Amino acid sequence: MAYNILIVDDSDTVRAVISKTLKMSGLDLGELHTAANGQEGLDVLREQWVDLVLTDINMPVMNGVEMIERMRADDDLAALPVVVISTEGSTTRIEELKAKGVRAYLRKPFTPEKLKEVIEDLLGG
Amino acid sequence: MDSDHGDILRRVFSEIAENMAFMFVEEPDDETPAEPENDDLVLAHMVFSGPFSGRLVIAVPAALCPEIAANVLGLDPDDELVKAKPYDALKELLNVTCGNVLPAIAGEDPVFDLTPPEIKKLDRAAWRVLRDMPGTQQHLVEDEPVLLQMSVEK
């Protein structure tokens with residue numbers, strides 16, 4: 001099964017790096033969508049079929065936590081798996097994010113192998 | 001910043017530069033202060049707050065930025081994305097270094113808030129002021145001088 005994935009990050013460079021890492025991972029990829037903040041991410045999710053969201057936390061306009069909270073409040077998006085990719089990785093913050101429904105957390109930098117492992121754990125390899 | 005924190009910063013920055021940008025961080029051979037070849041210099045900085053607060057700064061010759069970006073992205077230095085956003089990768093390098101050095105110092109539990117990295121231009125006089133401040137580390141990346149400094153509020 002090819003995965004459609006949404007990447008949400010305010011940096012063009014980070015979105016490009018995550019896209020490259022996904023392509024290097026060997027995962028069966030469908031469409032890769034990108035968004036520069038949580039609001040743009042929600043807009044994409046309402047228009048496109050997406051299997052998984054990879055998101056940063058600290059972004060302008062709408063941060064990743066607010067996007068996740070709005071997804072959980074939306075019946076159509078509530079069950080969509082979300083992986084947070086961020087530089088901040090304290091166990092306290094990871095537990096807070098998991099309480100909001102985040103399924104996995106990746107601290108930068110990460111390898112294609114690690115990304116593949118996390119996605120296959122969530123979506124089934 | 002005490003010497004232990006300086007050692008941690010040096011180690012973490014070296015690991016991140018190698019893993020993210022495939023660039024090796026070297027120490028200058030002698031005590032000669034790092035002096036860039038020209039006045040086209042940039043500084044990226046960000047603030048962290050939590051159990052302790054402070055600022056992390058990296059300063060580099062501007063010419064190094066497209067090389068960092070090209071390596072991080074796996075693209076040619078002449079690629080449009082590299083040319084359009086030459087400083088983004090430097091900001092991300094600083095961001096990831098900050099995100100990894102703080103738990104290396106404070107442990108995995110404390111929460112730190114990080115501001116987005118910002119870029120500003122430096123002139124040679126400002127470079128020398130930063131270079132000569134206590135706690136500023138001098139490194140070489142691709143034979144270019146790089147200054148790295150973490151300041152912690154008392």
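This structure is a prediction, so every number in the text was calculated from the model and none was measured. Residue numbers start from 1 in every chain, and the chains themselves are labelled A, B, ... in the order their sequence lines are given, proteins ahead of strands.
Residues L9(B) and V152(B) are members of one and the same hydrophobic cluster, defined by side-chain heavy-atom contacts under 4.5 angstrom among Ile, Leu, Val, Met, Phe, Trp and Tyr. With hydrophobic clusters built from ILVMFWY side chains whose heavy atoms lie under 4.5 angstrom apart, V84(A) shares a cluster with V50(A). When hydrophobic clusters are built by joining Ile, Leu, Val, Met, Phe, Trp and Tyr residues whose side-chain heavy atoms come closer than 4.5 Å, directly or via intermediates, V146(B) is not grouped with V57(B). With hydrophobic clusters built from ILVMFWY side chains whose heavy atoms lie under 4.5 angstrom apart, L94(B) does not share a cluster with L122(B). Clustering ILVMFWY residues whenever any of their side-chain heavy atoms sit less than 4.5 angstrom apart, transitively, puts V141(B) in the very cluster that holds V82(B).
Contacts between L73(B) and chain A at a heavy-atom distance below 4.5 Å involve backbone atoms as well as side-chain atoms. Contact annotation for E92(B): only side-chain heavy atoms (C-beta onward) come within less than 4.5 Å of a heavy atom of chain A. Using a 4.5 Å cut-off between heavy atoms, K108(A) contacts chain B through both its backbone and its side chain. Proximity to chain B is limited to the side chain of V14(A), based on heavy atoms less than 4.5 angstrom apart. Interface remark: L114(B) contributes backbone and side-chain atoms alike to the contact with chain A (heavy atom separation under 4.5 Å).
Closest of all the heavy-atom pairs between R93(A) and V111(B) is NH2-CG1, 2.9 Å. Here the closest non-hydrogen pair linking P103(B) and R107(A) is CG-NH1, 3.6 Å. M20(B) and P109(A) make their closest contact through CG-CB, 3.9 Å (heavy atoms, listed as atom of the first residue, atom of the second, distance). Contact record, P110(B) with S90(A): O-CB, 2.9 Å, taken as the closest heavy-atom pair.
In this structure, OG1 in T87(A) is found 12.5 Å from CZ in F112(B), a value given to the nearest 0.5 Å. Rounding to the nearest 0.5 Å gives a distance of 7.5 Å between NZ of K85(B) and OG1 of T13(A). Between R15(A) atom CZ and D88(B) atom CG the span is 9.0 Å, to the nearest 0.5 Å.
With chain A as partner, the option from I16(B), L102(B), D113(B), N100(B) having the largest number of non-hydrogen pairs under 4.5 angstrom is N100(B).
K20(A) contributes no side-chain N or O that, together with a main-chain N or O of L75(B), makes up a donor-acceptor pair within less than 3.5 Å.
No more than 12 heavy-atom neighbours from other residues, nucleotides or ligands sit within 6.0 angstrom of NZ on K114(A).
Proximity of V17(A) to V72(B): side-chain heavy atoms (C-beta onward) are separated by under 4.5 Å at one or more points.
Between the side chains of T91(A) and D109(B), a donor-acceptor pair is found at a separation under 3.5 Å.
Chain B is approached within less than 4.5 Å, heavy atom to heavy atom, by N58(A) from residues 53-74 of chain A, ordered by number. For residues 26-42 of chain A, heavy-atom neighbours of chain B at less than 4.5 Å comprise no residues at all.
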